[in-house]
Each structure stands twice: as structure tokens, then as C-alpha cells.
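For this chain, numbers begin at 1 and follow the sequence in order. Both ligands and their constituent atoms are indexed starting at 1 by order of listing.
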Amino acid sequence: SLSVSQSAAAEPPDTEYVKGSYADHYTTLQQIGKGAFGCVKMAFRNTDGVIVVTKFIRKAKVYEECWVFDSIMGKRVPLEVSLLTTLKHPSIVQVIDVYENEKYFQMVMEKHGSGMDLFEFIDRSPNLDEALASYIFRQVVSALSYMHSLNILHRDVKDENIILDQYFHAKLIDFGSASFMAADRYFSTFCGTMEYCSPEVLKGNKYRGPELEMWALGVTLYTLVFGENPFFDVDETIAAVLRPPFKVSNDLTDLISWLLHPDPQHRCTLSEVEKHPWTTQEVCPENYNFENVVRTVPEEIDPPMYYHMESSSHASVVPAPELASSKTVEFGLEAC
Ligand code: ADP
Ligand code: MG
Ligand code: MG
């Protein structure tokens with residue numbers, strides 16, 4: 001989770017990635033949760049202290065085909081930046097500001113809730129019933145449906161790329177693998193996460209995109225419900241045999257095995273997911289308390305919106321819980 005820890009210190013303004021006019025407007029904090037995410041950091045707006053999340057995108061790391069001319073900004077930007085500043089949906093993270101210096105784009109985003117992602121949520125073994133899981137899931141489906149209606153593929157749908165607030169409102173983030181689809185456009189490279197890659201793409205087939213996205217959505221749903229990955233290696237994915245650790249409703253079993261159908265021709269489509277009885281089941285999200293569903297620290301139930309400089313010179317104290325995940329640590333090793 002993204003919490004301002006007691007020791008949160010401002011990034012020195014001469015640090016390469018904060019340099020430029022961005023640093024006149026925002027103060028970047030070194031800490032983000034346990035300080036694990038190399039390129040994504042908490043920051044606050046200098047004028048009013050509003051806490052935001054900044055993603056530093058190193059220009060040299062953006063592939064040639066991932067640059068676009070953005071007519072609103074009037075310049076070439078990474079597709080991730082162009083898409084996130086253009087898309088508007090309640091379940092897609094909002095970009096507030098974009099800056100750049102010689103080497104980096106600085107993409108300033110809203111902080112959603114405490115910044116907990118679905119990986120961390122799942123890692124805490126939440127006490128989820130199917131209705132609540134369906135509530136989280138349908139928001140991701142709705143974001144994808146909006147994107148696909150604009151012919152945009154996310155291509156990296158997974159728990160880490162979904163953030164959740166204390167009202168169980170989910171938002172899709174990380175458009176670094178997104179692309180446009182077209183009837184005659186086939187992709188031959190996979191740029192998402194291996195554990196979420198579909199069997200036909202692992203086998204080296206060219207793909208249009210929507211079927212791969214549905215598979216990744218299936219892996220995400222399976223992980224949310226069962227707290228573990230459906231497949232642990234390429235052979236298991238290609239075999240596509242599901243061995244759920246416990247029994248769930250018939251509707252849910254049906255939806256998961258349809259999304260994880262090894263044959264892309266028979267795999268559930270987005271409009272079928274949207275209409276599926278498990279997705280549309282009745283749920284009253286207001287009947288659930290976040291703190292009854294997962295272990296939390298108080299700041300995750302009432303996350304600070306503003307950065308307070310106190311007389312003690314400490315930030316408003318928000319200790320990160322001792323729950324960081326193994327996957328999270330990998331990000332820490334990846335420098336900006
Ligand atoms: P990468 O492309 O390196 O995976 P992401 O955009 O997915 O970068 O960000 C890495 C992590 O940072 C996410 O998994 C999430 O935990 C956190 N994160 C990113 N953006 C936000 C945001 N706007 N609000 C809260 N947390 C975020
Ligand atoms: Mg990511
Ligand atoms: Mg990414």
C-alpha cells in the first residue's frame with residue numbers, strides 16, 4: 001500500500017527523475033508503502049498538499065512502437081501517457097498532470113484509497129464472499145468494456161494492475177502494455193506477465209488481443225477467488241486443467257472455466273462476461289466493512305488526502321503494515 005511512513009523524506013530536487021518543472025509543482029516522497037516501487041512514488045502538490053502518485057517513465061525504456069503523437073498535448077508521448085490522459089471511466093485511474101524532463105515523463109495520478117493493489121489485497125487472505133468478489137470483478141470488466149469499445153487493449157490485466165479503495169472501488173492502472181486493435185492487426189509478441197498469458201499465445205500463435213485479455217481476466221478472477229494462481233508454469237497453462245482448492249458456486253465455476261477455455265474460439269467474450277449471471281448477481285457493497293474483510297491499519301480505512309507538515313517535521317504518520325508481498329519486492333529492485 002502507498003502510505004506515507006514516519007520517515008518519509010522528500011526526494012532531493014536534483015534527483016534525475018524529479019528534475020524539471022514537475023519539481024516546482026510537486027514534492028516527491030521517497031517512500032511508497034515499504035518503499036518497494038522503484039518508478040512509482042507518492043508525492044504531494046506544493047500549493048495545497050494534496051497527495052498524489054507519480055509514475056516516472058524513463059524515455060529510453062519506451063519501445064519505438066509505443067510512442068504516439070498526442071494532438072492535445074501537441075507532442076510525442078508514450079502511448080501509456082496519451083491513453084491515461086484521454087480515457088475517462090470510473091474504474092480507470094485518472095491522470096492529473098504530465099511533465100517531462102530530458103530523460104523522464106512524470107505522470108501524476110490520483111491516489112485511489114490508500115493505494116492498495118489487488119495483489120496485496122489477495123495476499124492478505126481476504127474474507128470475500130462471491131457477491132463481493134463479483135462486485136470487484138465487474139468493475140474491471142466495465143473498464144475493459146469501455147476500452148474495447150474504443151479498440152484499446154490493456155494487455156497486462158492482473159491483480160497488481162488493479163487498485164482498490166476502502167469502498168471496494170477498483171481502478172485499472174498501468175497502460176504500459178496497451179495497444180490498439182484492428183480487424184486486420186495481429187500481434188506476434190507478448191508483452192504482459194507470463195502467469196497471465198494464454199496457451200495459444202504461449203505456443204507462439206499470432207493474436208488479435210481480446211481473447212488474450214479474456215484469459216488474463218480469467219486468471220485474475222481465479223486468483224481473486226482462490227488466493228492462488230491457476231497455473232504455475234507454461235506446461236500447466238497449455239494443459240489448462242483447473243484444480244480449484246475448494247468448491248464454489250456453479251455459476252462461478254462455469255465463468256472461470258469459460259474464461260480459461262484453452263481454445264480461444266470457445267473462450268468467453270467480454271460481452272458474455274458482462275451478461276453472465278455470476279457477474280450480474282445482486283450485491284450490496286455498502287453492507288461490507290473493509291476492515292472486516294482484510295487486516296488493515298487505520299490509515300487504509302481512512303486514508304489521508306493531504307500531506308501535513310507538522311511542527312515535529314514528521315509527515316502525517318501512516319505506517320505501512322508488515323504485509324508486503326514477494327512480488328512487490330521485485331519492483332524495488334527495478335530502478336527508475
Ligand atoms: P509498472 O508498469 O512498473 O508495473 P504500475 O503502473 O503498475 O508500474 O505501478 C506499479 C505499482 O504501483 C502498482 O502495482 C500499484 O501497486 C502502484 N500504483 C501505481 N499507480 C498507482 C496509483 N495511481 N495509485 C496507487 N497505487 C498505484
Ligand atoms: Mg504494473
Ligand atoms: Mg507496466
Side-chain angles (χ1 to χ4, degrees), residues 1-4 17 26 28-45 50-59 61-63 66 78-85 87 89-98 104-124 140 143 153-166 169-179 189-197 216 219-220 223 299-300 303-305 318 320-321 323-336:
S1 74
L2 313 179
S3 358
V4 184
Y17 46 87
Y26 292 91
T28 307
L29 302 167
Q30 280 174 340
Q31 291 279 112
I32 185 170
K34 292 179 90 71
F37 302 107
C39 306
V40 180
K41 290 173 190 274
M42 283 246 278
F44 64 85
R45 188 156 59 195
V50 164
I51 300 175
V52 296
V53 173
T54 306
K55 184 167 184 175
F56 301 95
I57 301 165
R58 197 193 189 110
K59 294 176 182 178
K61 279 195 177 176
V62 180
Y63 294 115
C66 295
L79 182 59
E80 169 171 21
V81 172
S82 178
L83 289 176
L84 275 179
T85 51
L87 297 177
H89 187 276
S91 301
I92 296 178
V93 78
Q94 214 38 69
V95 166
I96 299 167
D97 257 331
V98 179
Y104 292 88
F105 275 92
Q106 298 130 332
M107 186 171 75
V108 182
M109 297 173 274
E110 63 173 322
K111 188 181 76 132
H112 178 61
S114 69
M116 185 187 296
D117 67 36
L118 208 57
F119 178 87
E120 188 172 342
F121 178 76
I122 293 168
D123 200 45
R124 293 185 195 188
V140 180
L153 294 162
H154 186 280
R155 296 202 299 171
D156 199 14
V157 172
K158 59 171 169 174
D159 51 12
E160 283 171 88
N161 289 337
I162 297 162
I163 49 177
L164 196 66
D165 74 4
Q166 67 274 31
H169 290 159
K171 287 184 193 250
L172 197 54
I173 59 166
D174 193 356
F175 282 54
S177 302
S179 194
T189 52
F190 176 70
C191 49
T193 306
M194 273 311 164
E195 288 92 333
Y196 290 76
C197 186
V219 175
T220 305
T223 310
E299 292 74 19
E300 289 170 332
M305 301 291 290
V318 186
L323 289 159
S325 60
S326 54
K327 263 201 216 167
T328 308
V329 175
E330 284 172 32
F331 283 100
L333 303 173
E334 193 193 306
C336 273

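- Summarising the geometry of Pro78 relative to Phe105, their closest heavy-atom pair is CD-CE1, 3.4 Å, with the distance given to 0.1 Å.
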- Message: side chain to side chain contact (heavy atoms under 4.5 Å, CB included) for Thr220 and Val140? Distances and angles first, verdict last.
- Response: CA-CA 10 Å; Thr220 305; Val140 180; 6.0 Å; no
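- Formation of a donor-acceptor pair under 3.5 Å by the Ser177 side chain with backbone atoms of Arg155 is not found in this model.
- Arg45 is linked by a salt bridge (charged side-chain N to carboxylate O under 4.0 Å, His left out) to Asp48, counting only residues two or more places apart in sequence or in another chain.
- Ligand-side atoms of ligand 1 in range of Asn161: 7 (O), range being under 4.0 angstrom from any heavy atom.
- Here the Mg ion (ligand 3) has protein N, O or S atoms under 2.8 Å from it, and they come to 2.
- Asp174 is linked by a salt bridge (charged side-chain N to carboxylate O under 4.0 Å, His left out) to Lys55, counting only residues two or more places apart in sequence or in another chain.
- Asp156 pairs by the side chain to side chain donor-acceptor pair (under 3.5 Å) definition with Asn161, Thr193, not counting sequence neighbours.
- The minimum heavy-atom distance between Pro304 and Lys111, with the atom names listed, is O-NZ, 3.0 Å.
- Those atoms of ligand 1 that come under 4.0 Å of a heavy atom in Ile173, given as number and element, are 7 (O), 13 (C), 15 (C), 18 (N), 19 (C), 20 (N).
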- Carefully, step by step, assess Lys59 and Tyr104 under the rule side chain to side chain contact (heavy atoms under 4.5 Å, CB included). CA-CA 5 Å; Lys59 294 176 182 178; Tyr104 292 88; 5.8 Å; no
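- Ligand 1 lies within reach of Glu110, whose nearest heavy atom is under 4.0 Å from it.
- Any N or O atom pair closer than 3.5 Å counts here, and His112 shares no such pair with ligand 1.
- Ligand-side atoms of ligand 1 in range of Lys55: 1 (P), 2 (O), 5 (P), 6 (O), 8 (O), range being under 4.0 angstrom from any heavy atom.
- Counting only distance, with no hydrogens or angles, the side chain of Gln106 and the backbone of Tyr17 share a donor-acceptor pair below 3.5 Å.
- In the vicinity of Val93, heavy-atom distances shorter than 4.0 Å reach the ligand 1 atoms 23 (N).
- Judged by distance alone, with hydrogens and angles left aside, the side-chain atoms of Glu110 form a donor-acceptor pair with the main-chain N or O of Gln94 at under 3.5 Å.
- Atom numbering of ligand 1 starts at 1 in the shown order; those under 4.0 Å from a heavy atom of Asp117 are 14 (O), 15 (C), 16 (O).
- Atoms of ligand 1 lying under 4.0 Å from any heavy atom of Met109, numbered from 1 in the order shown and given with element: 20 (N), 23 (N).
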